[in-house]
Engineer: 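Submitted below is the structure of interest, expressed as structure tokens.
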Amino acid sequence: MTSTFTSTSRRTETVRRPRDVGRTAARNLIVRALRRAGLHHVLRGQPCIVGLVVPHPQDRPDFVEAARAMLRTLSHDALANEFDRFDDAFEVVEFDSKPKRPKAAEDAVRATLASRARVVAVAGDPADFPTVFRVAADAIVTPDLVDVRALEGALHAVFGSKPPGDLIDAALGLPLQTIGMLVKPGRSLGQVVRRLRRFKDGAAAAPVTARQRREHPTLDDLHGLGEAAEWGQSMARDFADYRAGRLTWADMDRGILVSGPPGTGKTTFARALASTCMVPIHVHSLARWQAKGHLDDLLKAMRGAFEDAKKDAPCILFVDEIDAFGDRETLSGEHEQYCREVINAFLECLDGAEGREGVVVVGATNLPDKIDAAIRRPGRLDRHVVIPLPDTEARKGILRHHLGDDLADADLSDAAERLEGASGAVIEQVVRNARRRARSERRPLAIGDLGVALPTRLRLSDADFRRACIHEAGHAVIGTLLSLAAGKVPTQVRVFREVSVDGAAGVTACHRVGGVMRTRLAYLAEIVGLLAGMAAEEIVLGEHTEGAGGSDRSDLHQATMLAAAMEASVGFGRNIAYLAPADDAELLDRLRSDPSLRRTVNRTLAKCRDRARTMLEANGPALDALAQMLEACGSASRGEILDIVLAGGSDPVPPPDAGEGGPA
Ligand code: ADP
Ligand code: MG
Ligand code: ZN
């Protein structure tokens, strides 16, 4: 008679503990991908047709085996369940990119799909699944690349104890097959680590495929992310040090806020960051948490997301559209209480009662100014990087990235040039349209397809282009001179030769510095900067054009809103009474109905415009020099702007009207 204890422990030893690290890691990644896609029925052993995209050929065998083992186990479990009897037949198939006899392959797939309750297929690219499979499938999902979490889990499962950091570090980045081959129970740790390292250094390391680059880009594969990419690389080093115990959580950055126009790659950045750090990413947004409707559900979903991330640490928690939380300063009306609670709960999650060790939070927004200041305090999302629209070089890189191996020898300079002002998303769309065109004509992609797919552009006349250069130079010069007062530094000016029909002819990107609490002088300085574009046009060309106003977010719109907020909202004007929340729509309403407010706001604006003119006249040489540089090169960096302004003899000056009375 055997004791219960012995039999249980034998079961654990011989049945439950897996032996192959590669296959176990693959299994973890499959389960994760299925859960993420909501394919819980697969995990319950119910009928299913699922495709797995595994770009790396050397990982594919492990995924096939893992899928097979998983389906087998699930059959066993499900059969044991009296209530859940079903056709137990399953099959795991692998699809090649170029089947020798496509017709026969399709027929075989049909037969399999017809005779099996559960089919899982593995292929290197979504396009490699035969059409009939794609049509029939519940879903085609792409498991994450092997990351810390998956490896840690697999090593733990195989060896029965938490694996040391240097073992994980040595194994990360190697194909599963190689890991499975080298890491075996019974070998000494030192030996295993040494072999893994030798493999990584040697020629044996598997080359990354172009497909893998497109499916799971790392920061190295992406272009135009600027400062964000640099921060990401240092984060990757920190993660490695953290895993190896050389760095504590207290010494690491906890989070970052990335902002930039839509489609510039904020989400892409977060995913690439995770791939580079080789940690999992949890993608969320307020809208997603809100989907259930009630406040309680939202808070539960938000807290749940942080809890899940903690369980998965080290990992990255991505929160998109973080401006949707609103700003407690500007909230009003019936939503106020709701939003206040949401923001407070979010702050609690960021701080965490017991901390959130190992969870790096990446927040993204198109509107960094709309974010509650408390979210950006130290220890929360205290670092802010802007992802600008890509410059010509970056656009070339992004085109190349999305083209993959296609048009390998083509010179993309011209296309990149013609995509002036386009975001990464627009560029990706251009490549997609070009591909569609080639496909519809049943021929390989040609450079001409790209040309046809480029967006229609309006080319500025020389005179208009020169005006755009003068306008942006005005913003940049004043912005630099007033950067201390405004708490905002111009980081890059760009002008466009060709403008999309409704687009701008130039942009001056700014970076916020200093404290988050703005004073009255900061407001004034910002208004002066906003009006400096039209002031520069007036000085150099005699008058300004409609370009400064006419639409939301135009210079005049923004300046008017700031001036109105000073009067009606934040107590910086003639009145200190609070008349309206600092919200564009409310302020505009107030302005329309309140002639006295309108007069005061007008006076503030006129005064600030005069201020801009005076300052620009005093810095005429700098204005001219920068405008000429823009005309010649199309852009100027922060350093170049600074050099030009300093060469003009002016130092970044004190606030616009220090010492004077109100803006009367
Ligand atoms: P955002 O989150 O800033 O709105 P996304 O990251 O969602 O932008 O990007 C939208 C699409 O554009 C993605 O499918 C991505 O492939 C592409 N994209 C954007 N920026 C880049 C970039 N720098 N390199 C490659 N692709 C990019
Ligand atoms: Mg996004
Ligand atoms: Zn402007």
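Every number for a ligand or one of its atoms is a count from 1 in the order of the listing.
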Engineer: Does T268 approach ligand 1 within less than 4.0 angstrom via side chain, backbone, both or neither, non-hydrogen atoms only?
Structural biologist: both
Engineer: Specify the protein heavy atom at minimum distance from atom 2 (O) of ligand 1: its residue, its atom name, and the distance to 0.1 Å.
Structural biologist: T267 OG1, 2.8 Å
Engineer: Return the closest protein heavy atom for atom 13 (C) of ligand 1 as residue, atom name and distance.
Structural biologist: E428 OE1, 3.2 Å
Engineer: Under 30°, 30 to 60°, or over 60°: which ring-plane class applies to H471 and H475, parallel, tilted or perpendicular?
Structural biologist: perpendicular
Engineer: Do me a favour and list the nearest non-hydrogen protein atom to atom 8 (O) of ligand 1 with residue, atom name and distance?
Structural biologist: G265 N, 3.2 Å
Engineer: Among H402, R432, Q429, which residue places a heavy atom closest to atom 26 (N) of ligand 1?
Structural biologist: H402
Engineer: To the nearest 0.1 Å, how far is atom 4 (O) of ligand 1 from its closest protein heavy atom, and which atom is that?
Structural biologist: G263 N, 2.8 Å
Engineer: Do me a favour and list the nearest non-hydrogen protein atom to atom 23 (N) of ligand 1 with residue, atom name and distance?
Structural biologist: H223 O, 2.9 Å
Engineer: Under the side chain to side chain donor-acceptor pair (under 3.5 Å) rule, what do D323 and T365 come out as? Steps first, then yes or no, please.
Structural biologist: CA-CA 6 Å; D323 49 90; T365 176; 2.5 Å; yes
Engineer: Look at R32 together with D147 and state whether they make a salt bridge at an N to O cut-off of under 4.0 Å.
Structural biologist: yes
Engineer: Would you call the rings of W289 and F306 parallel, tilted or perpendicular, where under 30° means parallel and over 60° means perpendicular?
Structural biologist: tilted
Engineer: From Q628 CD over to E631 CD, what is the distance, rounded to the nearest 0.5 angstrom?
Structural biologist: 7.0 Å
Engineer: Give every protein N, O or S atom lying under 2.8 Å from the Mg ion (ligand 2), naming each by residue and atom.
Structural biologist: T267 OG1
Engineer: Measure the CD1-OG1 distance between I398 and T268 for me, rounded to the nearest 0.5 Å.
Structural biologist: 9.0 Å
Engineer: Show the numbers, then the answer: is there a salt bridge (Lys or Arg N to Asp or Glu O under 4.0 Å) between D144 and R36?
Structural biologist: CA-CA 11 Å; D144 290 340; R36 185 167 54 212; 3.2 Å; yes
Engineer: Considering heavy atoms of the protein only, find what lies nearest to atom 18 (N) of ligand 1 and give residue, atom and distance to 0.1 Å.
Structural biologist: G424 C, 3.7 Å
Engineer: Centre of F465's six-membered ring, under 6.0 Å away, within 45 degrees of the axis: is that where NZ or CZ of R497 sits?
Structural biologist: yes
Engineer: Just by distance, no angles: are the side chains of K396 and S413 close enough, under 3.5 Å, to form a donor-acceptor pair?
Structural biologist: yes
Engineer: Please could you name the atoms of ligand 1 that H401 approaches to less than 4.0 Å, counting only its heavy atoms?
Structural biologist: 25 (C)
Engineer: What do you reckon, does A425 have a nitrogen or oxygen under 3.5 Å from a nitrogen or oxygen of ligand 1?
Structural biologist: yes
Engineer: Could you tell me the separation between the CG atom of N619 and the CD1 atom of I644, rounded to the nearest 0.5 Å?
Structural biologist: 12.0 Å
Engineer: At a 4.0 Å threshold, what atoms of ligand 1 neighbour a non-hydrogen atom of L222?
Structural biologist: 24 (N), 25 (C)
Engineer: Any donor-acceptor pair under 3.5 Å linking the side-chain atoms of Q233 with those of D220?
Structural biologist: yes
Engineer: Would you please test T508 and E472 for side chain to side chain donor-acceptor pair (under 3.5 Å) and show each step?
Structural biologist: CA-CA 6 Å; T508 301; E472 290 312 319; 2.7 Å; yes
Engineer: So, of the N/O/S atoms that D555 has, which is the nearest one to the Zn ion (ligand 3)?
Structural biologist: OD2
